Amino acid sequence: MSLEGVESRLLVNGELCEAEAGRLYDNINPATEEVIGNCADASASDADRAIAAARRAFDGTGWATDLAFRKKCLEQLHKALDENREVLRPQIIAEVGAPIGLTYAVQQDTCINDMLWDIEVATNYEWERQLPDSDFFGIKSSKRVVHEPVGVVAAITPWNFPFMLNLSKIVPALMAGNTVVLKPAPDTPWSATFIGKMVAEHTDIPAGVLNILTSQHPAEVGDVLTGDARVDMVSFTGSTAVGKHIAKRGADTVKKVFLELGGKSASILLDDADFSAAIAGAAMGVCTHAGQGCAITTRLLLPRSRYEEGLGVATKAMENMKFGDPLNIENLMGPLINARQRERVLGLIETGKSEGARLLVGGNRPSHLERGFFVEPTLFADVDPDSTIAQEEIFGPVLAVMPFEDDDDAVRIANNSKYGLSGAVSSGSLDRAMAVARRIRTGTMSVNGGMWFGADTPFGGYRQSGTGREHGIEGFREYLETKAIAYPVA
Ligand code: NAD
């Protein structure tokens, strides 16, 4: 697949432009370790002019108040992305190491399709509502509740599903009437700059409404965005560690801070579950995109009474997992994003072994793949629920299996986590599975293989997995302020 139509420039104040200091940095294909191109390397001064442009566009244009115009602009962006899917696809595969099959789903196509849902939600939203007249110590008032955009939004995204996460923030934020500065992850710049190119070349989106800053200095640029008083809101997806840092920085200027963070989700198989389907699902889940997904169920909880049977099924599933070249449609799993992540994952595998877990499958770099940041599908049994690999987010293809005694014990182990993002439960009885699902402290749950992901479905975390929700009407509301206006009864 050829890399044509790559955009390496920033988008600031309506113009595709170099970084002020003229710096560029390399973009590396994680499957081949080759330099595939480059990208503008923004610094604090670029962040400053992007914020200034976003502020001017919010305060000085009709963007915030003209819903019909916003709809027209976002439909133009949808059309441009829709027509350029095959230009973008090779770029996403090359810079993310994303298996091509996933680009026909959540890595690319699903989220382009989902833009239309977001546009409709905003268009049909109840922006104002009238309350019943009131009498407060003789002051008779009519009251209206009005929803308005928050203002300038800094959107900060990670590298695992970069294009999807960029759109998941940009589209509702813009449709709500905000202006945006997007800072994508350093490893996946083109998944953002391509959007900038489409905006500049195919839409009437006014200058400053959307700004895009790629940089290999995330702390430098990020700290400007999260500390500047001209930014009203930070919408962040990434690690819990950086999320905490952002929440603290945002506190100084009392920003609205929306956080989608890490996860360590559990898949529970009750003793009457269909093991072959549920374990195949768990193995596929943890290997999808090499385990680089926040909501993947990375802990597998099996009933003691069927523990060895379950381990046998899981071993086969992990041993037979197809992985390697992301361009091969049969591969569910490509490489990790960079050498640092690979070393981190391999280090956690060593920790698992040293803490007494039983390694059943994988655990190494694959011997048949000389280049690329690959790690084998890896399966651990007898994992202590308090151990490091049961508690820490690994972000690699590593499944940790642990036994439980009964339903209460399964719930206790699943909830034994600082995270609370997602989870799954399987049982021959829907009622029994639903009862367990309600007791798990997470933002989403799959019951008997049900799929919660979708444009209309709120997604987000309890506890240290975050605050707020992305997608769904709840996700759109994150980008709104609420104002109450009272006036004398006529
Ligand atoms: P990360 O936290 O290292 O980086 C996320 C983003 O924050 C990147 O754009 C990065 O450049 C930026 N950043 C780094 N330092 C910053 C600073 N000081 N100020 C502002 N921004 C800064 O995360 P990652 O390694 O890119 O992604 C993996 C993590 O993301 C995992 O923990 C995963 O669970 C999480 N994630 C969560 C969700 C979700 O919806 N809950 C979705 C995808 C990924």
Side-chain angles (χ1 to χ4, degrees), residues 25 30 39 41-42 44 47 51 95-96 98 106-107 111 154-169 181-189 191-192 212-228 231 234-250 255 257-265 288-298 336-338 340-342 344-345 348 392-396 417-422 442-444 452-453 457-472 475 478:
Y25 70 97
C39 210
D41 185 13
I51 295 170
E95 73 168 7
V96 184
V106 285
Q107 282 286 13
C111 45
I156 302 176
T157 53
W159 41 259
N160 57 339
F161 289 85
F163 179 68
M164 183 266 273
L165 291 164
N166 291 338
L167 283 187
S168 296
K169 295 189 184 305
V181 180
L182 170 68
K183 195 211 80 60
D187 286 302
T188 51
S191 299
I212 298 177
L213 300 172
T214 52
S215 175
Q216 63 174 348
H217 302 90
E220 179 185 333
V221 172
D223 282 350
V224 173
L225 295 177
T226 56
D228 194 302
V231 174
V234 181
S235 175
F236 173 77
T237 297
S239 63
T240 295
V242 175
K244 286 179 186 176
H245 171 76
I246 285 173
K248 285 178 196 154
R249 281 192 67 76
K255 289 190 200 325
V257 178
F258 162 57
L259 301 172
E260 294 284 3
L261 307 177
K264 189 75 194 177
S265 303
T288 297
H289 194 25
Q292 302 170 109
C294 52
I296 287 172
T297 53
T298 51
L336 299 177
I337 190 70
N338 55 36
R340 184 169 38 85
Q341 279 301 111
R342 181 187 58 198
R344 186 176 169 275
V345 170
L348 282 161
E392 291 302 316
E393 182 178 51
I394 298 177
F395 236 55
S417 172
K418 67 183 173 200
Y419 297 112
L421 195 54
S422 190
T442 60
T444 52
W452 43 259
F453 187 87
T457 312
F459 170 72
Y462 288 23
R463 299 191 277 197
Q464 292 191 31
S465 288
T467 56
R469 292 293 176 269
E470 202 141 69
H471 305 155
E478 298 286 349

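Order of listing sets the numbers, starting from 1, for every ligand and every atom in it. Because the structure is predicted, anything quoted here is derived from the model rather than measured.
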Novice: Which residue and non-hydrogen atom of the protein lie closest to atom 16 (C) of ligand 1, and at what distance in Å?
Specialist: Val242 CG1, 3.7 Å
Novice: Measure from atom 39 (C) of ligand 1 to every heavy atom in Gly238, Ala155, Cys294 and give the option owning the shortest one.
Specialist: Cys294
Novice: Side chain or backbone of Leu261 under 4.0 Å from ligand 1, or both, or neither, by non-hydrogen atoms?
Specialist: backbone
Novice: Using a 4.0 Å heavy-atom threshold (strictly under), name the region of Glu470 that reaches ligand 1: side chain, backbone, both or neither.
Specialist: neither
Novice: Specify side chain, backbone, both or neither for Ile246, according to which of its non-hydrogen atoms lie closer than 4.0 Å to ligand 1.
Specialist: side chain
Novice: Counting heavy atoms only, which of His245, Gln341, Glu393 is nearest atom 32 (O) of ligand 1?
Specialist: Glu393
Novice: Compute the minimum heavy-atom distance from Leu165 to ligand 1 and say whether it is under 4.0 Å.
Specialist: yes
Novice: Could you pull out, from Ala241, Ser239, Gly222, the option with a heavy atom nearest to atom 20 (C) of ligand 1?
Specialist: Gly222
Novice: Among protein heavy atoms, which lies nearest atom 24 (P) of ligand 1, and at what distance?
Specialist: Trp159 NE1, 3.3 Å
Novice: So how far is it from Lys255 NZ to Leu225 CG, rounded to the nearest 0.5 Å?
Specialist: 9.0 Å
Novice: Does ligand 1 have any atom that is closer than 4.0 Å to a heavy atom of Gly461?
Specialist: no
Novice: Checking a contact table here: which protein heavy atom is nearest atom 10 (C) of ligand 1, and how many Å away?
Specialist: Lys183 NZ, 3.8 Å
Novice: With heavy atoms under 4.0 Å as the rule, classify the contact between Thr157 and ligand 1 as side chain, backbone, both or neither.
Specialist: backbone
Novice: Could you tell me if the side chain of Lys244 sits less than 4.5 Å from the side chain of Leu261, heavy atoms only?
Specialist: no
Novice: Kindly compute the distance separating OG1 (Thr214) from CG (Asp187), expressed to the nearest 0.5 Å.
Specialist: 12.0 Å
Novice: Please confirm whether the backbone N or O of Ser265 pairs with a side-chain atom of Ser422, one donor and one acceptor, at under 3.5 Å?
Specialist: no
Novice: Taking Glu470's backbone N and O only, do any of them form a donor-acceptor pair with Glu260's side chain (distance below 3.5 Å, no angle check)?
Specialist: yes
Novice: Is Pro184 touching ligand 1 with its side chain, its backbone, both, or neither, if touching means heavy atoms under 4.0 Å apart?
Specialist: backbone
Novice: Could a heavy atom of Phe161 be found less than 4.0 Å from some atom of ligand 1?
Specialist: no
Novice: Is the shortest distance from atom 4 (O) of ligand 1 to a protein heavy atom below 4.0 Å?
Specialist: no
Novice: Just go through Phe395, Phe459, Tyr419 and tell me whose heavy atom is the nearest to atom 28 (C) of ligand 1.
Specialist: Phe395
Novice: What protein heavy atom lies closest to atom 18 (N) of ligand 1? Include the residue and the distance to one decimal.
Specialist: Asp223 OD1, 3.2 Å
Novice: Any luck finding a side-chain donor-acceptor pair between Lys169 and Ser235 under 3.5 Å?
Specialist: yes
Novice: How many angstroms lie between CD in Gln292 and CD in Glu393, if you round to the nearest 0.5 Å?
Specialist: 10.5 Å
